[in-house]
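We count ligands from 1, going down the list as the structure has it; atoms in each ligand are counted the same way.
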Amino acid sequence: MCGIVGAISPNNVVPLLVEGLKRLEYRGYDSAGVAVLADDHIHRVRRVGRVVEMENAAIAEKLTGNIGIGHTRWATHGGVTEPNAHPHVSEDELAIVHNGIIENHEAQRQRLKALGYKFTSQTDTEVIAHLVHHYFKQHADLFKATQQAVRELTGAYAIAVISLKQPDTLICARVGCPLLIGLGEGENFIASDVSAVLSATRRVIFLEEGDVAEIKRDSIQIVDAIGAAVTRKVHVSDVSLASLELGPYNHFMQKEIHEQPKALSDTIEQVLDAGFRPELFGEDAEDVFAKVNAVQILACGTSFYAGSVARYWVEAISGLPCSVEVASEYRYRDAVANPNALIVTISQSGETLDTMEALKYAKSLGHDLTLSICNVQESAIPRASRLVFYTRAGAEIGVASTKAFTTQLIALFTLAVTLAKRTGRLKVEKEVEYIEALRHLPGSVQHALNLEPQIKSWAERFSNKEHALFLGRGVHYPIALEGALKLKEISYIHAEAYPAGELKHGPLALVDEKMPVVVIAPNDALLEKVKSNMQEVRARGGELFVFADLDSHFSESDGVHVIRTPRHVGVLSPVLHAIPVQMLAYHAALQKGTDVDKPRNLAKSVTVE
Ligand code: HGA
């Protein structure tokens, strides 16, 4: 969602701010802006639309300055308009950018209006600008003023503040939204994620919940939520610049789909090296797993579907009861805690607010056995968990998750087998079979990618459709859900997924000759059942698009189209079948001419509620 970048330097920071915002575009946004201090003025440029439009305006206005902040906004409070775009300014003296939602903004707005502040936007953010300004008048110290102001905010925020009255200082603070400091030589930076500062530095400090920092060209001071000075560890980021570039691809989603053999083998490598050992999940894992008698998975979106696949694996392989729940639901219900349940949170970014809040809620209920599955090192959710498994997908830029999903599946499969070892359910021959399955998976995925031309020709037939149904059974039902989600996210075709057996309990009423029905039908124990469900569709004139595997023995017929994945990969079949549904969505979106990497209304890392 919103992206923040800031810099203080002896050089003009505008190019760096603009480049940083371009790197943050993938997070999803609707407007962009920068503000710099120069000639005793705040110079601000904001535009609705793409960063490049704002950049052109900044060039036209010859914007320069040695200290500045930039922002990409994904509107939550107030429409997508220029006055609502960040940075927001208070009394022509102080500028601020904000990611998150201030829940008590209405009360603060009334109070600040009574103090004489004039509001020029509908955002919750503007109250922070005036509140910091209000305290700055009293303290004459921007660091202290910000600390006092944030104490009065409820909700989630990452903010950056600059002021004409203290032009050598950049202040930032965070609660619930990511923010890091990039360390340069005689210059320093801040950003929502490392991609925004990578061209300038790899040395970063991740701020922790409640931290407020004062950043000057040659010094950094950080205080924690209670105002005590703290030192935070400096990390050297291993994110490569190449992973942030498109290379020969047209879209990041396309690139990331094709990177899956590598992402999977990088993730699998750690399992093949270690075997199914608890240490894969952290030093503490042996102790934690010894206490576990159930698994509860909390996640959102695609990660929730990864968790839904895992439910089948965990119960079948380890014999432990496993439930999976949408994080935003769990966090607001009166859940009954089983303190011996392993709470597994899944988040690509490790910053997904709903998942983070669900984890906090689980802990408040007495859950202490926590594991996070995450793709971004040192992000908030792993830091708040006892155990972590980092997928090695590499940076994922496309809003529609692909390689993060399939590598999450590897992490979850590994968890199921590792728990099975503990529960004594894992037979030696099964362990060997699972290792072999993992070893062969990247090659099978590579073969599945070769199906692209066939899938593309299917996608052409979807481009004039308004609706589609996806069906699957058992462990492939969540893949049907994921396929429907991918299609709706990026092509805007309305798609729903059902367990194939549910069809006759309602959705069959939707089926006619205009309804394409995608079926995930590999050769597993439920194949014959799926075939019967397909007959039900055909009998109503529905057109079937079947993803099968070599052993499924389907033949094409009138209204029944079949694409076969080249191998049957047994227990890991859901991973393999995720690939064709990703490609179908991608090519359907291309046909429809949508913005594949930045679909409307969506954002990559969902850091607001
Ligand atoms: N609430 C602020 C910022 C929104 C945000 O962080 N989106 O990701 C606004 O609406 O401007």
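Between Arg73 and ligand 1, an N or O atom pair is found at a separation short of 3.5 Å. Considering backbone and side-chain atoms alike, Gly100 places an N or O below 3.5 Å from some N or O of ligand 1. Where the criterion is an N or O separation shorter than 3.5 Å, residue side chain and backbone included, His86 meets it with respect to ligand 1. Looking at ligand 1, you'll find an N or O of Cys2 within less than 3.5 Å of one of its N or O atoms. For ligand 1, the polar-atom distance check finds an N/O of Trp74 within less than 3.5 Å of one of the ligand's N/O atoms.
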### Query
Can you list the steps and then say if Thr407 with Thr267 is a side chain to side chain donor-acceptor pair (under 3.5 Å)?
CA-CA 7 Å; Thr407 54; Thr267 305; 4.7 Å; no

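Under a 4.0 Å criterion applied to the non-hydrogen atoms of Asp124, ligand 1 contributes the atoms 1 (N), 2 (C), 9 (C), 10 (O). Near His77, the atoms of ligand 1 lying under 4.0 angstrom from a non-hydrogen atom of the residue are 10 (O). Listed by number with element, the atoms of ligand 1 under 4.0 Å from a non-hydrogen atom of Asn99 are 5 (C), 6 (O), 8 (O). Set against the non-hydrogen atoms of Thr125, the atoms of ligand 1 under 4.0 Å away are 2 (C), 11 (O).
In this model, a donor atom of one side chain and an acceptor atom of the other lie less than 3.5 Å apart for Gln110 and Glu106. Counted by atom type alone, Tyr361 and Glu357 present zero donor-acceptor pairs between their side chains at under 3.5 Å. At a cut-off of 3.5 Å, with distance as the only test, a side-chain donor of Glu126 or Ser121 sits close to an acceptor on the other residue.
A search for side-chain hydrogen bond (donor to acceptor under 3.5 Å, both in side chains) contacts involving Asn84 returns Thr81, Gln122, not counting sequence neighbours.
Under the ring pair (Phe, Tyr, Trp, His ring centres under 6.0 Å) criterion, no residue pair touches residues 136-178, with sequence neighbours excluded.
A salt bridge is defined here as a Lys NZ or Arg NE, NH1 or NH2 lying under 4.0 Å from an Asp or Glu carboxylate O, and Glu259 with Lys403 meets this definition.
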